[in-house]
K.L.:
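After the structure tokens below, expect a handful of questions from me.
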Amino acid sequence: MIPPGDLVAGRSMRHRTPDQVLGPYFPQERARVEQSDLTGADGIAQGEIIEVTGRILDRNGDPVSGARLTIWQANAFGRYRHPGDTSGLPLDPNFLGNAEFRSGNDGGYRIKTVKPGAYPAGPDWVRPPHIHFEIVGRFERLITQLYFPDEPLNATDRLLNSVLRPDLLIATVVSPRYRISHRVMNFDIVILRG
Ligand SMILES: [Fe+2]
């Protein structure tokens with residue numbers, strides 16, 4: 001397994017999470033309230049409910065608290081809640097397509113959402129399931145995407161494979177210590193200074 005960082009002067013330095021393009025579906029309006037549950041407007045969103053947990057870290061592995069996170073993603077059918085998505089795939093009235101919140105004192109965050117569907121991005125390109133992230137710290141801004149493990153479409157995705165370390169963009173499955181009805185994924189995000 002490739003280590004998450006390099007030893008520099010005897011100290012483990014983490015790799016910055018690779019950048020990914022913003023894409024055409026960045027939310028047009030800021031969320032009215034900070035919250036990180038996308039699964040229910042008036043009912044329960046369709047698809048596989050998942051949680052994504054992780055921490056925002058700096059290069060030294062120290063937590064970055066108070067970073068502002070914006071996330072956006074397609075629904076379970078592969079459709080964005082965005083006027084620019086004219087794919088004709090089904091909308092889900094109960095799925096909130098984006099959310100905003102801040103990392104906690106330990107740099108941690110937790111999202112409740114559905115696993116996004118794959119969607120066509122061109123005549124010969126289907127994007128694998130992914131979640132878009134924007135992280136705004138005090139010093140820097142990172143735009144990236146989370147991918148899911150064991151997805152056949154990952155192998156041919158142009159954006160995922162445009163970075164030197166695609167493995168750093170793939171979430172890992174967490175084994176919950178308590179009985180839980182849905183999968184929990186982990187995705188730590190490294191920015192350089194915080
Ligand atoms: Fe996307």
Side-chain angles (χ1 to χ4, degrees), residues 16-31 35-41 45-54 56 67-101 109-136 141-173 182-191:
R16 183 175 185 269
T17 300
D19 295 283
Q20 293 271 273
V21 294
L22 186 70
Y25 304 128
F26 186 79
Q28 289 188 327
E29 292 178 10
R30 296 281 302 270
Q35 60 91 23
S36 56
D37 182 351
L38 288 77
T39 60
Q46 295 189 61
E48 180 194 352
I49 304 279
I50 59 169
E51 279 182 53
V52 180
T53 66
I56 313 300
R68 194 181 83 223
L69 282 81
T70 300
I71 60 158
W72 65 105
Q73 64 168 88
N75 67 22
F77 305 111
R79 174 82 184 263
Y80 282 85
R81 187 181 254 202
H82 188 286
D85 187 342
T86 55
S87 66
L89 292 166
L91 281 165
D92 178 350
N94 291 319
F95 180 64
L96 302 169
N98 61 284
E100 277 186 41
F101 47 92
Y109 72 89
R110 177 176 293 267
I111 307 165
K112 189 175 180 192
T113 187
V114 300
K115 184 182 173 191
Y119 62 85
D124 58 351
W125 182 16
V126 178
R127 297 231 56 218
H130 60 276
I131 300 175
H132 296 263
F133 281 72
E134 178 198 52
I135 298 98
V136 181
R141 177 179 184 226
L142 172 71
I143 293 159
T144 192
Q145 299 180 31
L146 169 162
Y147 297 81
F148 293 80
D150 304 320
E151 291 290 330
L153 289 168
N154 285 349
T156 52
D157 186 64
R158 296 173 198 167
L159 295 180
L160 174 57
N161 293 291
S162 69
V163 302
L164 285 175
R165 291 283 305 269
D167 57 296
L168 296 176
L169 295 179
I170 297 176
T172 54
V173 178
H182 50 260
R183 285 198 295 166
V184 180
M185 324 288 296
N186 187 80
F187 185 58
D188 289 342
I189 297 167
V190 179
I191 56 181

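Atoms within a ligand are numbered from 1 in the order they appear, just like the ligands themselves. All figures in this text were calculated on a predicted structure; none of them were measured in a lab.
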K.L.:
Is it true that the side chains of E51 and H182 contain a donor and an acceptor less than 3.5 Å apart?
P.N.:
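On atom types as modelled, these side chains qualify, holding a pair under 3.5 Å.
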K.L.:
Roughly how far apart are I50 CD1 and T39 OG1, rounded to 0.5 Å?
P.N.:
11.0 Å
K.L.:
Can Y147 and R127 be counted as having a side-chain donor-acceptor contact under 3.5 angstrom?
P.N.:
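On atom types as modelled, these side chains qualify, holding a pair under 3.5 Å.
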K.L.:
Could you walk me through whether F26 and N98 pass side-chain contact (heavy atoms from CB on, under 4.5 Å), step by step?
P.N.:
CA-CA 9 Å; F26 186 79; N98 61 284; over 6 Å; no
K.L.:
Evaluate the ring planes of H130 and Y80, with Trp represented by its six-membered ring, and classify them as parallel (under 30°), tilted (30 to 60°) or perpendicular (over 60°).
P.N.:
tilted
K.L.:
Under 2.8 Å from the Fe ion (ligand 1), how many protein N/O/S atoms do you get? Just the number, please.
P.N.:
4
K.L.:
Determine the minimum heavy-atom distance between I191 and R16, stating which atoms define it.
P.N.:
CA-CG, 4.4 Å
